[in-house]
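Single-structure report; data block below.
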There are 2 protein chains.
Amino acid sequence: MTDRHDLGAAFGRLTRAMVEAEEPILRRHDLEMWDYVLLSALESAAAPTQAELAATVRRDKTRIIPLLDSLEERRLLSRTPDPADRRNRIVALTDTGRAVLRDARAEIRRMEAGYLASIPAGERKVFLDVLDRLAAAAG
Amino acid sequence: MTDRHDLGAAFGRLTRAMVEAEEPILRRHDLEMWDYVLLSALESAAAPTQAELAATVRRDKTRIIPLLDSLEERRLLSRTPDPADRRNRIVALTDTGRAVLRDARAEIRRMEAGYLASIPAGERKVFLDVLDRLAAAAG
DNA sequence: TATTGTTATACTCTATAACTATA
DNA sequence: TATAGTTATAGAGTATAACAATA
């Protein structure tokens with residue numbers, strides 16, 4: 001009940017600020033934001049189907065297809081038919097894709113560190129900790 | 001360089017979660033999200049021009065016009081020509097608009113409190129404090 | 001001539017609905 | 001018949017450009 005901003009407004013502003021700050025970094029790596037989101041989603045494990053991948057990044061399955069086309073053409077990921085059910089296509093990072101993702105992310109992490117530099121270390125740790133817990137809960 | 005999520009991804013998820021959680025509340029008060037954003041922007045002071053109001057909420061001046069039309073028709077705000085320069089229209093909350101804003105915000109604050117209830121009070125305070133500082137810096 | 005608010009037009013993005021190939 | 005992927009169509013949302021009123 002304090003006089004602070006709405007959470008939604010605060011998160012919204014920070015989302016926009018991060019998107020703007022990431023944009024030039026991603027462009028240096030020839031990635032659109034959604035390319036990066038897709039590559040990130042594939043980092044821990046390959047997606048067994050495109051539909052599942054679409055669900056995890058919360059976009060329609062029809063809308064990631066041009067992105068996958070582009071990423072596959074640039075050899076950042078592979079689409080291989082599932083032998084057990086050839087309707088499915090298993091989407092996985094290539095070594096190149098993993099390297100590009102690692103490099104882009106390293107730059108983004110440096111940008112983020114600069115962005116949070118004015119926050120004292122103790123508070124920053126708590127902030128990032130709570131943020132990650134909330135984000136995980138938000139699915 | 002830890003294994004945490006990107007800030008952008010974390011903020012993005014939480015933004016979406018808040019928008020979804022606010023949606024039913026706002027609907028109970030017959031407000032769209034952008035209605036609420038506009039009313040909130042007018043809370044501290046009236047906007048001297050529509051263009052300035054559009055800039056503060058980061059939308060095109062042409063796009064807030066239908067929203068202002070609707071809010072004005074419902075007597076939640078007023079548009080009065082500036083006597084000093086009759087091209088300008090001063091946009092201000094009405095008493096009704098202020099009351100609706102207050103009620104909606106109170107409900108949103110309760111929702112937010114529930115959303116953060118699992119975070120220990122000490123961490124929660126730090127989190128909200130840092131969040132508000134970052135959001136303010138993000139403009 | 002320049003600017004505010006407004007309206008109209010064009011464009012992009014998103015959602016929905018067909019189509020194919022497998023099962 | 002049902003489902004994954006794809007393509008095509010329709011609709012919503014957004015940006016740009018023209019217009020009227022005032023300065």
Side-chain angles (χ1 to χ4, degrees), chain A residues 8 12-13 15-16 19-20 22-23 26-27 31-39 41-42 45-74 76-93, chain B residues 8 12-13 15-16 19-20 22-23 26-27 31-39 41-42 45-74 76-93:
Chain A
R13 282 188 199 187
T15 302
R16 182 167 34 70
V19 168
E20 284 173 8
E22 287 181 13
E23 214 269 341
L26 294 176
R27 194 165 39 202
L31 295 174
E32 307 277 339
M33 189 188 60
W34 281 107
D35 294 333
Y36 180 71
V37 170
L38 285 170
L39 295 180
L42 295 170
T49 72
Q50 293 185 186
E52 190 162 313
L53 176 59
T56 64
V57 301
R58 311 222 177 214
R59 282 184 88 72
D60 197 274
K61 62 171 181 166
T62 67
R63 276 156 57 196
I64 68 171
I65 290 177
L67 299 168
L68 294 179
D69 290 345
S70 159
L71 291 167
E72 185 181 32
E73 192 177 2
R74 288 145 65 196
L76 300 183
L77 57 77
S78 60
R79 285 193 275 194
T80 57
D82 180 354
D85 183 343
R86 299 220 315 287
R87 291 174 301 185
N88 299 340
R89 291 166 150 238
I90 300 168
V91 186
L93 287 185
Chain B
R13 282 189 200 186
T15 303
R16 181 167 34 72
V19 168
E20 285 173 9
E22 287 181 14
E23 214 269 341
L26 294 176
R27 193 165 39 201
L31 296 174
E32 307 278 338
M33 189 188 61
W34 281 108
D35 294 332
Y36 180 70
V37 170
L38 285 170
L39 295 181
L42 294 170
T49 71
Q50 294 185 184
E52 190 162 313
L53 176 59
T56 64
V57 302
R58 311 222 179 215
R59 282 183 88 72
D60 197 273
K61 62 171 180 167
T62 66
R63 276 154 58 193
I64 69 170
I65 291 177
L67 299 168
L68 294 179
D69 290 345
S70 160
L71 291 166
E72 185 180 34
E73 191 177 4
R74 289 145 64 196
L76 301 182
L77 56 79
S78 60
R79 285 192 276 194
T80 58
D82 180 356
D85 182 344
R86 299 219 317 286
R87 291 174 303 183
N88 298 339
R89 291 166 148 236
I90 299 167
V91 187
L93 287 184

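In what follows, chains carry the letters A, B, and so on, assigned in the order in which the sequence lines appear, proteins first and then strands, with residues in each chain numbered from 1. Fair warning: this is a prediction, and the values are worked out from it, not measured in the lab.
Between B/L53 and B/L68 there is a side-chain heavy-atom pair separated by less than 4.5 Å. Residues A/L76 and A/L93 fail the side-chain proximity criterion, which asks for heavy atoms closer than 4.5 Å.
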Stepwise side chain to side chain contact (heavy atoms under 4.5 Å, CB included) test for A/D82 and A/R89: CA-CA 6 Å; A/D82 180 354; A/R89 291 166 150 238; over 6 Å; no

Please determine whether side chain to side chain contact (heavy atoms under 4.5 Å, CB included) holds for the pair B/Q50 and B/V91, giving the CA-CA distance in whole Å, both sets of side-chain angles, and the decisive distance to 0.1 Å. CA-CA 7 Å; B/Q50 294 185 184; B/V91 187; 3.8 Å; yes

Mind running side chain to side chain contact (heavy atoms under 4.5 Å, CB included) on A/D69 and A/R79 for me, showing each step along the way? CA-CA 9 Å; A/D69 290 345; A/R79 285 193 275 194; 2.3 Å; yes

Kindly determine whether B/D85 and B/T49 satisfy side chain to side chain contact (heavy atoms under 4.5 Å, CB included), including the steps that lead there. CA-CA 10 Å; B/D85 182 344; B/T49 71; over 6 Å; no

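Both B/Q50 and A/T62 sit near DNA chain C, but only B/Q50 has its closest nucleotide nearer the 5' end.
For CD of A/E32, the number of neighbouring non-hydrogen atoms (other residues, nucleotides, ligands) closer than 6.0 Å is 12 at most.
Rounding to whole angstrom units, CD1 of residue A/I90 and C1' of D/dA4 are separated by 13 Å. When rounded to the nearest whole Å, the span between CD of A/E32 and C1' of C/dT12 equals 14 Å. For the pair B/I64 CD1 and D/dT14 C1', the computed distance is 15 Å after rounding to whole Å.
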Annotated protein contacts, base or backbone, on nucleotides 18-23 of chain C with a non-hydrogen cut-off under 4.0 Å, one of B, S, - each: ----BS

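Looking at heavy-atom distances under 4.0 Å, A/D60 makes contact with a base.
Near DNA chain D, meaning a heavy atom under 4.0 Å from it, residues 65-74 of chain A has A/I65 in order of number.
Contact annotation: B/R89 does not reach the phosphate of C/dT4 (side-chain N/O to OP1 or OP2, under 4.0 Å).
Here A/Y36 contributes atom OH and A/L31 contributes atom CG; the two are 9.0 Å apart, rounded to the nearest 0.5 Å.
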